[in-house]
Structure formats: structure tokens, C-alpha cells
Number of protein chains: 2
Amino acid sequence: MKLKIGELAKMTGCQVVTIRYYEKEGLLERPERTERNYRLYGDGDIARLRFIRHCRQHGMSLAEIRTLLVYSDHPTGSCDWINRLIRTHIEAVEQQIRDLEHLKTHLESLYHKCDGNREGGCGILKSLIDGENCQYCQARQRRPGQERA
Amino acid sequence: MKLKIGELAKMTGCQVVTIRYYEKEGLLERPERTERNYRLYGDGDIARLRFIRHCRQHGMSLAEIRTLLVYSDHPTGSCDWINRLIRTHIEAVEQQIRDLEHLKTHLESLYHKCDGNREGGCGILKSLIDGENCQYCQARQRRPGQERA
DNA sequence: TCTTGACCCTATAGCGACTATAGGCCCTAT
DNA sequence: ATAGGGCCTATAGTCGCTATAGGGTCAAGA
């Protein structure tokens, strides 16, 4: 049974535009077409898209997934590279959790700085202007990026 | 004492290009210029840039910071909005931590799936193809985005 | 005096992973 | 016959920077 793009989208929880985007990026092969030029997908495509989505859910970049797909399509003797990839991801995730925990304590101390009115100025704004003496902040000033929380 | 852009950058741990970008985005006012057209910054600018950087380190978007700056420039009687903003951020951060913890357990179970060789196929790849029965994954399939780990 | 290098300027394009918009064809139901 | 949904392509926009190109300014050293 062949699926149209909308059906594949529904099955995989992936948006239609995203599927087309993956095709453009070379992650999905160009599928069959109907005589009306509609894309038609088979079982292999479903599995491949699921693979891509699982990888994305595990925080892998499209570039990494591309390489994983090559390994998957042409198996070699060892999977050292794959092991390293997973290990690296685990470490990155751990670092992100630490950063977020720290950010959370900051935000909470900020939250307690407001007494509910602006007499004498809002404590939150004041703290944001003055900043706080914090190793974390100093460190983050030197390596910006990934600051979107 | 007036500062050139590079000096301001050094003081705040912000890159020169980023300062110019904030100006273009209307977060920083257009500063004085020397007769050679170099930007010159005063104390007010330093404080304002520090404010912006602190907010960014707390994960606020430039749009939110823009609004905060308006509040800061034109104080009103209440800071409900600011309180809600911080509260919302704390909740978002908590959600991200939960997501990442879950992701970490997934990655770890994945890591243990590889026995070091490819005889019969790599367990990691197999798991990625098949996915795992997991509420988390199902949920994420329905609300994508924020998947960059 | 010349040149080197660090700093400054503007304008524009690129990053990643989508998302949105415009403009148009196809198909079914009312 | 027309309205609504799904499909197509191509292009631009999102966010918060970052990089590149192409040029002017300025102080120190050979």
C-alpha cells in the first residue's frame, strides 16, 4: 500500500512540509509519483522517516543523521563511530541539564526579588540591571550561544 | 569616560558585531559618533547592554527584552507582567529539564544496545529504526520543535 | 617614510531546521 | 458550479547571531 504525503505525515507525526524538506536535503529519496505528480511512499520510506524522526527526537542534527543513514545503508564491520556519537550526545545533554538547573536557581532568586509594587523600583528589573556576582554568568559571557531557554 | 565599541565589548563580554546587531534591532540607542564616525558609548549604554546580556543569560528573547526595556524606561505602577514573564520562564526551564532527563535515559538505553560489532546488525541502529514504545516519543511526534539537544 | 596590524565602518549572506506565503492544479461533495 | 481540502513548486522569513567582503583610521616599529 502506497501512501500520499499527507498520510505519511499523519503516520509519523511529521509535517508535510518537513517531509518535503528532508527530501530536498537528501535524507529521503525522491519517491515515486502518480501521473498527477503526487508523491507516493512505500514501507521503506516509512521506516526511513521514522528513523530520522527518532534520531531528531534524540537531538541529532540532520548532518549526523545523514551519516548514520549511510552507515545504515552500507554496514561496515564496526560501529565505533555510532557509539561515540551517542556517548557525545549523552554528555551534551548532561551539560545542558546542569546549565538549566543553574539558570533555574537564578530565575527563582530573581522571582523572589519583587515585592509586588514599583515603589522604589522593581527588584527584578534592578537585579537584571545590576546582574549578580556569579561564576556561571561570567563563564557564559565568555562562551555565548545556546542561551535560549 | 566614553568608550569605543571594542572597549564596551570587552567590558560586557559581548561581541562587537552583537552590539551593532542590538543597535540595528533597536535594543540599544544609536550612540554618539566621533568625527571619524566611530561609535562612542557612555555609562547609560553600558548599563543597558549589561541588562540585555543578563536577560539573554536568563533565556529571554530579544522581543521580551525589548518590552522589559520599555517597562524599565517608563515605569508603571505594577510589575505583574514582569512577574509573569519570570514565572513562565521558570516553568519553561523546568519542562526542558524534564525533557532532557527523559532524553538522557533514552540515549543511555540506546548506548547499551551495541555489543561492539555489526554481526547481525548494530543494536543502536536497529533501535533507531524501530523506535521504542515510549509515551515521550509519541508526545514529541505531536508537538515537534525544541528538539535540539 | 613606509608598512604592518589592530581597530573601526557598512552591507550582505549564511547558519539550522524548519515555517509561512503565494500562486496554482486536482478531486470530491454539495 | 463552487467550496474545501489536499497536493505541487518556489521563495522568503524565523531567531540570534556569525562570517565575509571591501574599505577607512591610527599608532608603533623598521
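This is a predicted model, so every value here is computed, not measured. Below, read A as the first sequence line, B as the second, and so on, with proteins coming before strands; counting in each chain starts at 1.
Among the nucleotides C:dC7, C:dC18, D:dG16, the one closest to any side-chain atom of A:Tyr21 is C:dC18. The side chain of B:Arg56 sits closest to D:dC17 out of D:dC8, C:dT19, D:dC17. For A:Val16, the side-chain atoms get nearest to D:dC7 when compared with the rest of C:dC18, D:dC7, D:dG16. In this structure, the nucleotide among D:dG16, D:dC8, C:dC18 sitting nearest to the side chain of B:Ser61 is D:dG16.
For the pair A:Ile46 and A:Arg50, the minimum side-chain heavy-atom distance is below 4.5 Å. In this structure, B:Ile65 and B:Cys55 have side chains that are in contact, with non-hydrogen atoms separated by less than 4.5 Å. Considering only heavy atoms from C-beta on, A:Glu23 stays 4.5 Å or farther from A:Glu29 through its side chain.
In this structure, A:Glu32 pairs ionically with A:Lys2, as a charged nitrogen and a carboxylate oxygen lie closer than 4.0 Å.
Of the inter-residue distances, the one linking B:Asp45 atom CG with B:Arg30 atom CZ reads 14.0 Å to the nearest 0.5 angstrom.
If you take NZ of B:Lys4 and P of D:dA27, they are 8 Å apart, rounded to a whole angstrom. The separation between A:Glu32 atom CD and D:dC7 atom C1' is 16 Å, rounded to whole Å. The CG atom of A:Leu40 sits 11 Å away from the P atom of D:dC7 (whole-angstrom rounding). Rounded to a whole Å, the CD atom of A:Glu64 is 17 Å from the P atom of C:dC15. The interatomic distance linking B:Ile5 (CD1) with C:dC7 (P) rounds to 13 Å, in whole Å. Distance CD1 (A:Ile19) to C1' (D:dT9): 17 Å, rounded to an integer number of Å. Computed from coordinates, the A:Arg30 CZ to D:dT9 C1' distance equals 13 Å when rounded to whole Å. Spacing between atom CD1 of A:Ile52 and atom P of C:dA17 amounts to 12 Å, rounded to whole angstrom units.
Surrounding CD of A:Glu101 are more than 12 heavy atoms belonging to other residues, nucleotides or ligands, all under 6.0 Å away.
Scanning for side-chain hydrogen bond (donor to acceptor under 3.5 Å, both in side chains) contacts around B:Glu7 gives an empty result, with sequence neighbours left out.
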Polar pairs (N or O, both sides) under 3.5 Å between protein and nucleotides 20-29 of chain C?
residue : atom : partner : partner atom : Å
C:dC26  : OP1  : A:Arg36 : NH1          : 3.3

Taking only N/O atoms, report every protein-nucleotides 10-13 of chain C pair under 3.5 Å with atom names and distance.
residue : atom : partner : partner atom : Å
C:dT10  : OP1  : B:Arg33 : NH1          : 3.4
C:dT10  : OP1  : B:Arg33 : NH2          : 3.0
C:dT10  : OP2  : B:Arg39 : NH1          : 3.0
C:dT10  : OP2  : B:Arg39 : NH2          : 2.8

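For the residue pair A:Arg53 / A:Tyr22, a side-chain donor-acceptor distance below 3.5 Å is found, with atom types taken as modelled. Side-chain contact, B:Gln57 with A:His106: no donor N or O sits under 3.5 Å from an acceptor N or O.
The phosphate of D:dG16 (OP1 or OP2) has no side-chain N or O of B:Tyr22 nearer than 4.0 angstrom.
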